[in-house]
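This one's a predicted model, so the numbers in the text were calculated from it and none came from an experiment.
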Amino acid sequence: MRIFCLHYMAYTLVSGLVLFIFATVKGGAAAAFSAPLWLPNAAGWAYGIGHLSSVSNATSQGTDSMTLFDLPWWAALLLILLAIAIAFVASIAWAAARASYRQREGWMSWAILPAIFLLGGLLITLFTSVVFGVRGGALSFSGTLALALWTPLIMGLWGAAIEVSGRYLAPVAVPFLPAIIHRWFSGPTATADSAVAGTDTGRQVEEVPGSGGRETKPLTAHAKKRLRIGTAIAGIVIVLIVAATVAFNILSATTYGPQAHVEKYLKALEEGDASAAVALHDPNVTSEERLLLDDGIFGAAQNRITDHEIRDVEFSGELATVTAEVTQDAKRVPLTFTLEKAERTALFFHNWTVTRGTSWTLPIQMPEGVDLVTVNGVDVELSQQLGQQAPGAFSLPVLPGDYVLTPPEGTKYVTLGEEQTITVSADPASSVGEGALFQRSMTDAVTEDAVAQAREFLQTCADSTEAAPEGCPNRAFTFGDDEDYRNFSWSITQEPEFEVSENWDGSLALYVTEGEMTATYERNTQWQDDEPAEWEPEEDTASLYFSAAVQIDGDQLTLSFKD
């Protein structure tokens, strides 16, 4: 028990002092004066973490834990080296103590120290646990802050390691202990002879009667060999620990760290790998809105980002802020990402997820009823369930690059325009404006064919020999009996003007203006019915002002003339 208490007090004294200084610097006098309330628990937690256990925080919102590998690499390295150093000191103390109790032999002697450390780990776990509760309306919550339940097992293993070291490594250092420390380690029942007995390795120490001092004997060859082996083993262990810590730090920064996560994302943007980019930074939209986040579309996009550089990484609790700079079309653009720790991977490392980053959208405006557009050579069917703000208006997530949008092929009379190239800049401050805007418009064939049909219609009217041809805009001014008019002949004396335009309701109409048709005929000027008719030539002019509805059905165009 004295060995375990020495081990615990030595570690918590060092770690507690560091915690006290850190808390005082960060929290000021309030943290310093409140240290008796929190420092014993915090030092106990540091003891557990330093010996490869963890501290769990269980609340109604979930459970989180902190291990040695969540600390900065240098802090993790110092803690584990401190644990090894104090464990070796404890093994020296145990070697000195065992020399006083040589009668304890057999397999039971191997179990004493691991059992004590297991029991000590259990007591530390119990006495450093904190149950807390906060009650304040919407902020009410409660939880437990404590060492992991498997801490006693971990400490039992450390006890076993100290037992092994106390039998094979530490005895070489026991003869060099000062007498007072040797007697304290050995216990009050120890004698000089028993303290010396069993320490044939190292320099033999004997009390010289009447000399008032201690006399040492040279190290034996066997002791020197064990000393060299123990030193080599200790050196190898320290080198392995340092190498493992450095390797852990490198892997945390390159393969599993937030910087590596962002670098993978930016590399996917450079390579046109939309699937990888979305997996690393999910846009948080429905599957129907991911139409343009396609490998075929993004892979064919020109003017993607071509280079990137990580500028800064800052940590704040479970969050990390990564500042990067990308190059697009020779322009440097800064981007900022906020990442959060996720579940562990490869046992020791954390995964990271992007909680906040730059996102880009491409607005597309299509005529109502048109739901197909080609983007970078890939046909995309625009679902009417995308929640557009207006009929035919879409705003879809994309990744930085050039997007060539081609509307469906039109007909002889209707077109949606030419293809458009929209550049989505990586710069969050840039805008694509209204994006890709496609509208229905008439081709020249509409006017040409509508005018041609109108001319045929007018010519038909001009060929009529009636005063008012049915359905025609030309009418001669007549009154009285129809028998008093004869020999009507029409001719177009002024070519009209033709215009096809769209009405307010979207319909098309042909408007005919400024035209004239002249009718020549004979009129009976004799008013008396019983007198012979007197026929005289007459002439009448009719203005041509009329309209016709233009109806288009595929490649068919028809005019509906109004009477």
Side-chain angles (χ1 to χ4, degrees), residues 1-24 31-55 66 68 71 75-101 112-130 145-148 150-166 169-170 173-174 176-190 195 234:
M1 291 298 295
R2 194 162 52 244
I3 300 301
F4 175 76
C5 291
L6 167 69
H7 184 268
Y8 181 77
M9 294 302 296
Y11 197 98
T12 54
L13 180 64
V14 176
S15 60
L17 180 61
V18 174
L19 287 172
F20 177 79
I21 295 173
F22 180 81
T24 302
F33 285 111
S34 63
L37 300 177
W38 58 265
L39 189 55
N41 292 75
W45 296 333
Y47 178 83
I49 291 177
H51 289 84
L52 303 180
S53 183
S54 66
V55 175
M66 182 176 70
L68 186 70
L71 301 176
L77 178 61
L78 291 177
L79 284 177
I80 194 64
L81 289 178
L82 177 63
I84 293 174
I86 292 180
F88 184 68
V89 172
S91 70
I92 295 175
W94 183 230
R98 291 185 74 255
S100 301
Y101 303 100
I112 295 175
L113 200 64
I116 291 296
F117 268 74
L118 187 147
L119 177 61
L122 177 61
L123 294 175
I124 293 170
T125 303
L126 293 176
F127 286 107
T128 60
S129 299
V130 175
L145 194 62
L147 288 171
W150 39 268
T151 301
L153 298 178
I154 289 288
M155 295 314 304
L157 293 176
W158 277 94
I162 293 173
E163 175 69 37
V164 173
S165 177
L169 298 179
V174 171
F176 298 98
L177 294 176
I180 186 172
I181 296 179
H182 193 286
R183 284 194 297 270
W184 192 87
F185 284 161
S186 300
T189 61

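- Taking the six-membered ring where tryptophan is involved, the planes of Tyr11 and Tyr47 are perpendicular, since the angle between them exceeds 60° and thus also 30°.
- A pairwise comparison of heavy atoms in Trp150 and Leu52 identifies CZ3-O, 3.5 Å as the closest pair.
- Residue Ile124 holds its CD1 atom at 10.0 Å from CG of Leu119, rounded to the nearest 0.5 Å.
- Across Trp38 and Leu19, no two heavy atoms sit closer than the pair CH2-O, 4.0 Å.
- Without hydrogens or angle criteria, Thr125 side chain to Gly121 main chain gives a donor-acceptor distance under 3.5 Å.
- Val130 and Trp45 make their closest contact through CG2-CZ2, 3.8 Å (heavy atoms, listed as atom of the first residue, atom of the second, distance).
- Listed for the His7 side chain is no donor-acceptor partner under 3.5 Å among the backbone atoms of Ile3.
- Heavy atoms only, all atoms of each residue included: Leu6 and Ala93 are closest at CD2-CB, 3.8 Å.
- A donor-acceptor pair under 3.5 Å links the side-chain atoms of Trp158 to the main chain of His51, judged by distance alone.
- In plain terms, the two heavy atoms of Ser129 and Ala146 that are nearest each other are OG-CB, 3.3 Å.
- When the options Ile116, Leu123, Ile162 are evaluated for a side chain to side chain contact (heavy atoms under 4.5 Å, CB included) with Phe4, the one that passes is Ile116.
- Rounding to the nearest 0.5 angstrom, the gap separating the CG atom in Leu126 from the OG1 atom in Thr151 is 10.5 Å.
- Residues Gly16 and Leu39 come closest through the heavy atom pair O-CD1, 3.6 Å.
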